[in-house]
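This report concerns only the one structure given below.
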Number of protein chains: 2
Amino acid sequence: MTYVNVLHMACGTRERNPMTTLEYKLLGMLARQPMSGYDLVSHLKQPFVPFGPISHTQIYPALASLERKGLVRYHIVEQQAVRPDKKVYELTEEGRTALRQWAESPTPLVFSYDEFFLKAYSLWLADPERMIERFREQAQLHQEKLALYEQVLQSKQLAINAGSEQADVFEERDVLFQYVIGYEQNYLAWCQSVLQYLEQRKHQHSQEGKQV
Amino acid sequence: MTYVNVLHMACGTRERNPMTTLEYKLLGMLARQPMSGYDLVSHLKQPFVPFGPISHTQIYPALASLERKGLVRYHIVEQQAVRPDKKVYELTEEGRTALRQWAESPTPLVFSYDEFFLKAYSLWLADPERMIERFREQAQLHQEKLALYEQVLQSKQLAINAGSEQADVFEERDVLFQYVIGYEQNYLAWCQSVLQYLEQRKHQHSQEGKQV
DNA sequence: TTAACCATGTAAACCGTTACATGATTCG
DNA sequence: CGAATCATGTAACGGTTTACATGGTTAA
């Protein structure tokens with residue numbers, strides 16, 4: 001064991017723990033609008049927030065960690081009745097800088113596929129009938145999601161015409177919608193083309209059955 | 001040490017731990033071809049295996065767990081020189097059944113986005129110049145991946161024409177390629193459309209700058 | 001001589017999910 | 001009367017990553 005590699009940590013305490021993806025997601029949302037932990041959870045359920053579901057049990061410790069790092073601060077909002085007070089978090093200047101630097105940094109391509117695609121890898125040993133069923137099911141689900149996205153996008157564009165918020169943020173958002181809509185379209189088209197193939201093969205097999 | 005494995009352990013112990021996605025990935029690969037843990041790791045680096053990278057430290061315990069469940073068995077292949085013996089794993093009948101049942105089961109839609117897309121969510125506070133750089137970079141990476149997929153697909157189709165392996169498995173594989181190629185095409189198209197938008201806006205801003 | 005290849009594993013640290021905990025209010 | 005909503009958290013568990021461990025061969 002040779003070099004101890006001091007360097008790099010130069011300043012005493014600095015940041016003990018590096019940032020996680022989760023923390024950047026939270027920063028990303030808080031940068032647009034100050035919110036409490038609970039608000040973040042409900043916000044994540046909206047169809048136009050592109051981060052998956054995150055449970056509150058992860059969010060509260062993460063917010064505390066961001067605060068320790070000086071990237072967010074909160075002020076307490078008292079609630080009516082006996083409810084616990086709300087802690088509304090917002091970014092500090094350091095937080096905004098950290099988020100911008102992260103967004104501006106290069107990203108390597110690491111691909112992860114969805115579970116249905118993984119199953120498709122072992123499709124060849126499945127029962128054809130049941131597989132057709134599953135692909136129909138999947139096509140249905142993606143179609144619904146696509147319809148939802150298109151609907152939200154439409155109502156969002158109406159809001160732009162009404163001039164209710166800053167056009168800048170909205171324009172950027174449409175960029176995100178472009179992607180997810182394209183994604184769903186591709187998935188749907190794939191399901192349909194596989195269905196076509198499977199059903200064609202089914203008919204071939206049944207005819208072969210008659211001949212034999 | 002002959003294996004003890006008391007016939008599924010009837011009711012008493014049954015399966016302590018449920019199957020993980022990782023274990024199904026391994027089953028999926030082993031169903032196509034018997035392999036050792038090391039082989040699995042190298043196989044995962046091939047561009048036509050659609051599971052992400054899996055480290056060997058996960059694979060070895062997972063294989064042991066699959067064996068305890070009676071879904072795989074192995075035979076030892078001695079290596080030349082001092083190298084440790086290879087354990088070549090293959091599916092048992094129970095393993096094949098478990099994999100088929102998993103592949104045939106319904107899959108809920110749970111969406112997860114890639115890291116670059118997450119960054120795009122906070123694009124609005126990034127420096128436009130640097131963002132253009134990153135989108136170019138990303139477009140490049142996806143273009144390369146697309147070219148790779150198309151190349152592999154082509155050489156695979158040549159292999160079919162030469163009749164080297166069962167057509168059935170190959171046909172199913174092309175189904176997977178259809179998807180990943182579509183995916184990359186969509187991503188690339190998205191990057192390019194965003195680039196167009198960003199560059200257009202850049203020129204507008206520089207003209208405004210001249211006027212002011 | 002350093003790195004990469006072959007081949008297997010264990011141990012600790014880290015991240016995410018599930019279960020537990022509280023407690024008033026409102027809707028079906 | 002049970003379930004959902006608001007609002008915050010801790011503790012245990014399980015899956016993943018990174019570091020540690022071994023050890024001979026081959027190519028840059």
Side-chain angles (χ1 to χ4, degrees), chain A residues 1-5 15-26 34-46 51-68 72 74-89 108 110-113 115 118, chain B residues 15-26 34-46 51-69 72 74-89 108 110-113 115 118:
Chain A
M1 179 72 85
T2 20
Y3 50 82
V4 186
N5 198 355
E15 300 170 27
R16 257 339 39 168
N17 27 12
M19 296 287 287
T20 63
T21 306
L22 171 67
E23 290 179 326
Y24 283 118
K25 287 184 185 179
L26 298 182
M35 276 183 281
S36 71
Y38 190 88
D39 294 337
L40 284 165
V41 176
S42 17
H43 199 236
L44 282 160
K45 289 173 188 161
Q46 304 282 109
F51 315 137
I54 306 174
S55 81
H56 69 279
T57 57
Q58 250 194 306
I59 284 180
Y60 293 116
L63 286 171
S65 160
L66 285 172
E67 206 224 331
R68 261 180 272 123
V72 298
Y74 68 86
H75 62 102
I76 286 170
V77 176
E78 285 175 33
Q79 297 299 99
Q80 61 270 63
V82 198
R83 285 180 192 162
D85 293 341
K86 235 183 183 183
K87 293 184 184 174
V88 175
Y89 288 85
V110 178
F111 204 118
S112 102
Y113 301 88
E115 199 183 330
L118 294 187
Chain B
E15 300 173 23
R16 261 330 49 163
N17 27 13
M19 294 287 288
T20 64
T21 306
L22 171 68
E23 290 178 325
Y24 284 119
K25 287 184 185 179
L26 299 183
M35 275 184 281
S36 72
Y38 189 88
D39 293 336
L40 284 165
V41 176
S42 18
H43 199 236
L44 282 160
K45 290 174 188 159
Q46 304 283 109
F51 315 136
I54 307 172
S55 81
H56 70 279
T57 57
Q58 252 193 305
I59 283 178
Y60 293 116
L63 285 172
S65 159
L66 284 173
E67 208 224 331
R68 260 180 273 122
K69 287 172 185 152
V72 299
Y74 67 87
H75 63 101
I76 286 171
V77 176
E78 286 175 33
Q79 297 300 99
Q80 60 271 63
V82 198
R83 286 183 191 160
D85 294 340
K86 235 182 185 182
K87 292 183 185 176
V88 176
Y89 287 85
V110 179
F111 204 117
S112 105
Y113 300 88
E115 199 182 330
L118 294 186

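Here the structure is a predicted model, which means the values were calculated and not measured.
Shortest non-hydrogen contact noted between B:Lys69 and B:Asn17 is CE-O, 3.3 Å. For the pair A:Gly37 and A:Leu63, the tightest heavy-atom approach, listed with the atom from each and the gap, is CA-CD1, 3.8 Å. Heavy-atom minimum distance, B:Val41 versus B:Ile59: CG2-CD1, 3.6 Å.
Ranking D:dG15, C:dT8, D:dT8 by closeness to the A:Lys86 side chain, first place goes to D:dT8. The listed nucleotides are C:dT10, D:dT8, D:dT16; the one nearest the side chain of B:Thr57 is C:dT10. Among the nucleotides D:dT17, C:dC5, D:dT8, the one closest to the side chain of A:Tyr38 is D:dT8. The B:Lys87 side chain lies nearest to C:dT8 when the options are D:dC6, D:dT16, C:dT8.
When atom types are taken as modelled, the side chain of B:Glu23 and the backbone of B:Thr20 share a donor-acceptor pair closer than 3.5 angstrom.
If you measure from atom CD of A:Glu67 to atom P of D:dT8, you get 13 Å, rounded to the nearest angstrom. Computed from coordinates, the A:Glu23 CD to C:dG16 P distance equals 10 Å when rounded to whole Å. Put simply, CD1 on B:Ile76 is 10 Å from P on C:dT8, counting in whole angstrom units. What separates CD1 of A:Ile59 from P of D:dC6 is a distance of 14 Å, to the nearest Å. Following rounding to the nearest Å, B:Gln58 (CD) and D:dT18 (P) show an atom-to-atom distance of 11 Å. Distance, B:Asp85 CG to C:dT8 C1': 10 Å, rounded to whole Å. Distance, A:Leu40 CG to D:dT8 P: 9 Å, rounded to whole Å. If you measure from atom NE2 of B:His56 to atom P of D:dT16, you get 15 Å, rounded to the nearest angstrom.
Residues that satisfy the side-chain contact (heavy atoms from CB on, under 4.5 Å) test with A:Tyr38, not counting sequence neighbours, are A:Ser36, A:Ser42, A:Tyr60.
Remark: A:Ser55 is not in phosphate contact with C:dT18, judged by side-chain N or O atoms under 4.0 Å from OP1 or OP2.
With DNA chain C read from its 5' end, the first of the two nearest nucleotides for B:Tyr60 and A:Leu22 is the one closest to B:Tyr60.
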